Amino acid sequence: MIFVCKMVENTDNVLYLRGRHISNNINAENMDALIPPRRSDKCLWRLLNAGIHLRVRLCLARIGFYGVIQCDLIKNYDNHLLTAIVERWRRETHTFHLTVGEATITLPDVALIWGLNIDGMPITGVDTAYNKHTLQQRCATWLGFTPTSSQIKGAAVKLMYLQFFENIEMVNTFSWGSAVLAYLYRELCDTSMRLKVDLCGPVQILQILVWSRITLLCPDKAQQVYISEEQAGDVLQGLPFPPYGARWRRGFSWTHTVHHSVRIMRDMLDMMVEGQFLWTVYDMESPEVGGILDGDRIHLCRSACALINFHIVEMHRPERCLRQFGMLQGIPPPATNFDNFHKLTRQGRNNFDWATYHKDFVEMWNHRYHFVIDGDYVILGTPAITVDYVGWHHRISQIVLSPAVMPEI
């Protein structure tokens, strides 16, 4: 079953939360305020730098996580770039509002940048809390190390994802990609609404997405090779071809591109024109895509369904960014993003069954292929948007954020 998106005039107040948005902080006295990314993966990369045995790498590939390792660590996140793009995120629509239209991070972005599975069962269930002794035993059994009491904070520790690794053959039957995207959406929503002061989660995906699509902010790449000698050796040993995100491991130059200046980046986004945003960036015939979006997964990419990660429920909105799928964009229908669920937290909910609590959304995910957005594909040389879309978008969006370029009234 294919859900056909009818492009009808959206008469509601699309950005109904604009009064609480972080963009209201932008003024002449506060032009250079930054949103710092919070890093929690440095210990992981220090461990991996010591080397990973081939058997372990093959296991990571089998469970669907080796693509993340192949992408390696981006040593320097550009806080200025991330701040400028977070200012464009809108919780009401789950999209970035740009001068050229709405765009977003989609399921295929997560699948292709990190090589994660986007199909399968949702990441949810009982958020189990363990006492220290039980936790130490489980870590020894499933992770191969036993943390000391001083390394465990609090009387009870939650390792809710550990339950998905107890049967190693089942790990890649879960939709880790949709869970990662749900988490990133929640971080963008909370940070853009001034509910937190930093941005955490899969920030690497966000930075690579901006570099890939916005030519104004993309660094020069000193190395124009798709696969390194090391990665070629991986392939010869039976490991998967590196995902798209691995292209951005090294070899950058900012000779022709601005960096570390949120003020200039904000101005550039305010003045961006068609052609400076790349709506389609993936070569569907490349080896990076092969096997990741095969079969029905190519249709799942356009599913307007709920993304689930335990207490987090966020809506995937491909109907608002059809150009990212090579399709004609018209005025989208009103977005419903279930604002009340943004207030949910895991705090004080030990051993809480989120799968039961979110049973309607779990059911929606289980029928995710029923919500695939269909439409007309763009013919080369013809417009990618309908005649009325531009006027509508400029009417409902806040596309100019810098006081320096705001038009006088």
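Being a predicted model, the structure only gives us computed values, none of them experimental.
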- request: State, yes or no, whether a side-chain contact exists between L199 and P36 at a heavy-atom distance under 4.5 Å.
  value: no
- prompt: What distance separates Q398 CD from H394 NE2, expressed to the nearest 0.5 Å?
  reply: 13.5 Å
message: side-chain contact (heavy atoms from CB on, under 4.5 Å) for V289 and S286? Distances and angles first, verdict last.
response: CA-CA 6 Å; V289 177; S286 73; 3.6 Å; yes
- request: Report yes if the side chains of L322 and I373 come closer than 4.5 Å at any heavy-atom pair, otherwise no.
  value: yes
- prompt: Do F325 and Y377 have ring centres separated by under 6.0 Å?
  reply: no
message: Keeping N24 on the side-chain end and G19 on the backbone end, is there a donor-acceptor pair under 3.5 Å?
response: yes
- request: Could you tell me whether a side-chain N or O of D270 sits under 3.5 Å from a main-chain N or O of S402, the two making a donor and an acceptor?
  value: yes
Contact summary for I208 and S212, nearest pair of heavy atoms: O-OG, 2.7 Å
statement: Taken to the nearest 0.5 Å, the spacing of R91 CZ from I22 CD1 works out to 13.5 Å
- prompt: Given N25 and R194, is the side-chain contact (heavy atoms from CB on, under 4.5 Å) satisfied, shown in steps?
  reply: CA-CA 10 Å; N25 289 355; R194 298 183 283 186; 2.8 Å; yes
- prompt: So do L184 and I105 actually touch side chain to side chain, heavy atoms under 4.5 Å?
  reply: yes
field: R186 and N309 side chains, donor-acceptor separation under 3.5 Å
entry: no
K196/E187 salt bridge by N-O under 4.0 Å criterion: yes
statement: Taken to the nearest 0.5 Å, the spacing of I63 CD1 from I168 CD1 works out to 4.5 Å
statement: Nearest heavy-atom contact between T106 and C321 is CG2-SG, 4.2 Å
Check: Y244/D109 side-chain N/O donor and acceptor closer than 3.5 Å: no
task: Please check if any side-chain donor atom of T128 sits under 3.5 Å from a side-chain acceptor atom of N351, or the reverse.
output: no
- prompt: Is it true that a side-chain atom of T382 and a backbone atom of I379 form a donor plus acceptor pair closer than 3.5 Å?
  reply: yes
- request: I would like to know whether I214 and L269 meet side-chain contact (heavy atoms from CB on, under 4.5 Å); could you show each step before the answer?
  value: CA-CA 9 Å; I214 303 178; L269 290 175; 4.0 Å; yes
task: Find the distance between NE2 (H342) and SG (C189) and round it off to the nearest 0.5 Å.
output: 3.5 Å
- request: Working to the nearest 0.5 Å, report the span between CZ of R266 and OG of S261.
  value: 9.0 Å
E87 and H21: side chain donor to acceptor below 3.5 Å: no
task: Report yes if some heavy atom in the side chain of F277 is under 4.5 Å from a heavy atom in the side chain of T215; otherwise report no.
output: no
task: Could you check whether the rings of H370 and H367 sit parallel, tilted or perpendicular, using 30° and 60° as the cut-offs?
output: tilted
message: Please report whether the ring centroid of W176 lies less than 6.0 Å from that of F165.
response: yes
query: Are R297 and N117 close enough that a side-chain donor and a side-chain acceptor fall under 3.5 Å?
result: yes
- prompt: Any chance the side chains of Y16 and D339 put a donor and an acceptor closer than 3.5 Å?
  reply: yes
message: Side chains of Y369 and D119 only: does a donor on one sit below 3.5 Å from an acceptor on the other?
response: yes
task: Keeping the roles fixed (side chain from E319, backbone from S303), state whether a donor-acceptor pair exists under 3.5 Å.
output: no
- request: Please test Q324 against R213 for side-chain contact (heavy atoms from CB on, under 4.5 Å), starting from the C-alpha separation and ending with a verdict.
  value: CA-CA 10 Å; Q324 290 180 228; R213 294 191 180 274; 3.8 Å; yes
query: Considering only heavy atoms from C-beta outward, does the side chain of T386 approach that of L328 to under 4.5 Å?
result: yes
- prompt: Does H316 reach the main-chain N or O of L107 with its side chain, forming a donor-acceptor pair under 3.5 Å?
  reply: yes
- prompt: Is it true that a side-chain atom of Q207 and a backbone atom of D78 form a donor plus acceptor pair closer than 3.5 Å?
  reply: yes
message: Quick check on K359: does its NZ atom have over 12 non-hydrogen neighbours (other residues, nucleotides or ligands) under 6.0 Å away?
response: no
field: I113 vs Y282 side-chain heavy atoms within contact, under 4.5 Å
entry: yes
message: Quick check against the 3.5 Å criterion: does T257 have a side-chain atom that pairs as donor or acceptor with the backbone of C218?
response: yes
query: Under 3.5 Å, is there a donor-acceptor pair between the side chain of E314 and the main chain of Y185?
result: no
- prompt: Tell me, which pairs form a ring pair (Phe, Tyr, Trp, His ring centres under 6.0 Å) where one or both residues lie in residues 97-124, sequence neighbours left out?
  reply: H97-H393
A103 to L98 - nearest heavy-atom pair and separation: CB-CD1, 4.2 Å
message: With a 4.5 Å cut-off on side-chain heavy atoms, are L300 and V372 touching?
response: no
query: Can you check whether Y161 and F310 have ring centres sitting under 6.0 Å from each other?
result: yes
message: Quick check on side-chain hydrogen bond (donor to acceptor under 3.5 Å, both in side chains): which of R320, R88, R90, H94 does E102 satisfy it with?
response: R320
- prompt: Would you call the rings of H260 and H80 parallel, tilted or perpendicular if under 30° counts as parallel and over 60° as perpendicular?
  reply: perpendicular
message: salt bridge (charged side-chain N to carboxylate O under 4.0 Å, His left out), that's the test. Do R317 and E92 meet it? Break it down for me.
response: CA-CA 11 Å; R317 291 300 179 195; E92 303 94 327; over 6 Å; no
- request: Check for a donor-acceptor pair, side chain of R62 on one end and backbone N or O of C59 on the other, with a separation under 3.5 Å.
  value: no
field: Shortest non-hydrogen contact from I123 toward S175
entry: CG1-O, 3.7 Å
task: Quick one: closest heavy-atom pair of M268 and V258, and the distance?
output: SD-CG1, 3.4 Å
- prompt: Got a second to check how far T124's OG1 is from F174's CZ, nearest 0.5 Å?
  reply: 10.5 Å
- request: Check M160 against Q163 and note the closest heavy-atom contact, atom names and distance.
  value: O-NE2, 2.8 Å
- request: Evaluate the ring planes of W211 and W248, with Trp represented by its six-membered ring, and classify them as parallel (under 30°), tilted (30 to 60°) or perpendicular (over 60°).
  value: tilted
message: Are the side chains of T99 and V273 in contact, using a 4.5 Å heavy-atom criterion?
response: no
query: Under 3.5 Å, is there a donor-acceptor pair between the side chain of T191 and the main chain of L188?
result: no
